[in-house]
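Have a look at the structure below, then the notes.
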Amino acid sequence: MRSGVWSSSDLELFEGTFRAFGSSCRIVSDLGEHAVHRSVGRLEDLEARWSRFRSDSEVSALNRKSGAWVECSEVTIDLVRRAVDASIRTRGLFNPLVLDALEALGYDRDHRRLSPPRGAVEPGPEVALPSPLGIDVAGGAVRLPGGARFDPGGLGKGRACDLVLDDLLDDGAQWAYVSLGGDVRFGGEELARRGTTVEIQDPIDHASVWGTTEIRGGALASSSTLVRRWSHRGRTHHHLLDRAGRSARGRRVAATAFAPTACWADVVAKCLLIDDRLGRAEVEEWDIGALVFDRSGESVAYGWAEPDFDA
């Protein structure tokens with residue numbers, strides 16, 4: 001972990017950067033180094049429970065025993081409930097039971113170990129995806145539909161952001177944010193009062209900044225079909241699958257969403273790319289703000305303004 005201390009006006013902030021959930025992570029707060037070290041431990045625990053690449057994780061146990069009841073920790077049960085709720089709210093567009101489809105496309109290991117992409121994304125054959133409505137939760141146990149396998153994906157990464165930020169606020173942080181991959185959660189009374197400027201990367205030219213926005217709370221999540229691509233059996237794929245279990249091929253290539261929580265922002269950002277027919281009506285229904293980019297780099301904003309969420 002790399003760390004440092006810097007100041008924002010008269011407020012001394014501590015920063016730590018490291019890797020978690022297969023992504024770069026950055027934590028900034030006014031609590032000091034000890035708080036960041038606790039956050040690292042929290043993320044390591046969540047990754048140990050939720051990683052599909054670890055045979056001893058709770059998610060792997062669920063997948064090995066699909067169709068049977070499996071005892072899980074409270075935090076994992078909460079994650080599963082949120083995944084089902086996200087599927088309902090997006091009318092099935094978000095589906096946490098796509099693991100078999102992902103692995104059939106070659107995404108069966110950490111994305112850094114996959115074969116590099118070759119050419120444009122090509123659709124594979126359609127597959128029947130299991131319905132998340134078949135997931136049962138009772139007491140301290142979860143039962144997946146027989147033969148189905150669960151992938152927390154970006155929702156898990158976003159939820160991890162939310163939990164770490166909530167821990168920092170519970171410890172008394174007045175200014176804090178947690179950035180994990182493309183998900184960022186903000187909070188604290190001082191951050192709400194002063195605000196912080198966030199840069200939005202140009203999705204076509206990664207070396208450039210598209211623009212900036214001021215944030216005082218809530219969460220931002222960004223997703224793209226231009227990254228996390230790979231080739232498998234002569235075809236190029238990416239990780240955002242449509243309802244037919246294929247890499248989505250809409251005209252949009254990137255999206256950024258505002259939402260009260262990082263897990264919901266992550267879900268929405270991905271859905272806006274999976275189905276490019278989604279627009280103002282859905283953004284208003286989901287009570288979010290969104291910015292989407294097409295292949296030419298042109299952008300469209302839906303409800304894009306400083307979010308009015310509790311810090």
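The basis for the numbers below is simple: all heavy atoms, side chains too, and nothing from hydrogens, waters or symmetry mates.
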Quiz prompt | More than 12 heavy atoms from other groups under 6.0 Å of CD on E285 | solution = yes
Quiz item: How many angstroms lie between CG in L168 and CZ in R38, if you round to the nearest 0.5 Å?
Solution: 8.0 Å
Exercise. With the side chain counted from C-beta on, respond yes when L278 and Y302 share a heavy-atom pair under 4.5 Å apart, and no when they do not.
Key: no
Practice problem: Determine, for D275 against R243, whether the closest basic-nitrogen to carboxylate-oxygen distance falls under 4.0 angstrom. | Solution: no
Quiz item: Taking a hydrophobic cluster as the set of Ile, Leu, Val, Met, Phe, Trp and Tyr residues connected by side-chain heavy atoms closer than 4.5 Å, whether directly or through intermediates, do V80 and L163 fall within one such cluster?
Solution: yes
Quiz item: Got more than 12 heavy atoms from elsewhere within 6.0 Å of CZ, R19?
Solution: yes
Practice problem: Would you please classify the geometry between the Y107 ring and the F53 ring as parallel, tilted or perpendicular, with 30° and 60° separating the classes? | Solution: tilted
Quiz item: Between E298 and R251, is there a salt bridge with N-O shorter than 4.0 Å?
Solution: no
Quiz item: With a 4.5 Å limit on heavy-atom distance, are the side chains of L43 and F18 in contact?
Solution: yes
Quiz item: Can R49 and E47 be counted as an ion pair, charged N to O under 4.0 angstrom?
Solution: no
Self-check item: Partner set under side chain to side chain contact (heavy atoms under 4.5 Å, CB included) for T197, not counting sequence neighbours
Solution: T212
Quiz item: Just wondering, more than 12 heavy atoms not from R91 lying within 6.0 Å of its CZ?
Solution: no
Quiz prompt | Non-hydrogen side-chain atoms of I88 and L133 separated by less than 4.5 Å | solution = yes
Quiz prompt | L129 side chain reached by V98 side chain, heavy atoms, under 4.5 Å | solution = yes
Practice problem: With the side chain counted from C-beta on, respond yes when W230 and H239 share a heavy-atom pair under 4.5 Å apart, and no when they do not. | Solution: yes
Quiz item: Would you call V300 and D294 a side-chain contact if the rule is heavy atoms closer than 4.5 Å?
Solution: no
Quiz item: Below 4.0 angstrom, N of the basic side chain to O of the carboxylate: do D78 and R159 qualify?
Solution: yes
Quiz item: Got L102 and L241 here, is their nearest side-chain heavy-atom distance under 4.5 Å?
Solution: yes
Quiz item: Does one hydrophobic cluster hold both I204 and V121, with members joined at side-chain heavy-atom distances below 4.5 Å?
Solution: no
Quiz item: V75 and V142: same hydrophobic cluster, using ILVMFWY side-chain contacts below 4.5 Å?
Solution: yes
Quiz prompt | Lys NZ or Arg CZ of R89 over W264 ring: under 6.0 Å, within 45° | solution = yes
Self-check item: H237 side-chain N/O to R229 backbone N/O, donor-acceptor pair under 3.5 Å
Solution: no
Exercise. Could you tell me the separation between the SG atom of C263 and the CG atom of L155, rounded to the nearest 0.5 Å?
Key: 5.0 Å
Quiz item: Do R81 and D85 sit within salt-bridge range, that is, some charged N less than 4.0 Å from a carboxylate O?
Solution: no
Practice problem: Taking the side chain as every heavy atom from C-beta outward, state whether L291 and F258 have any atom pair closer than 4.5 Å. | Solution: no
Quiz item: Are D276 and R252 ion-paired here, with the side-chain N under 4.0 Å from a carboxylate O?
Solution: no
Self-check item: Short N-O contact, D167 and R42, less than 4.0 angstrom
Solution: yes
Quiz item: L272, V227: one ILVMFWY side-chain cluster at the under-4.5 Å cut-off?
Solution: no
Quiz item: Out of curiosity, does W69 fall in the hydrophobic cluster containing L62 (side-chain heavy atoms, cut-off under 4.5 Å, transitive links)?
Solution: no
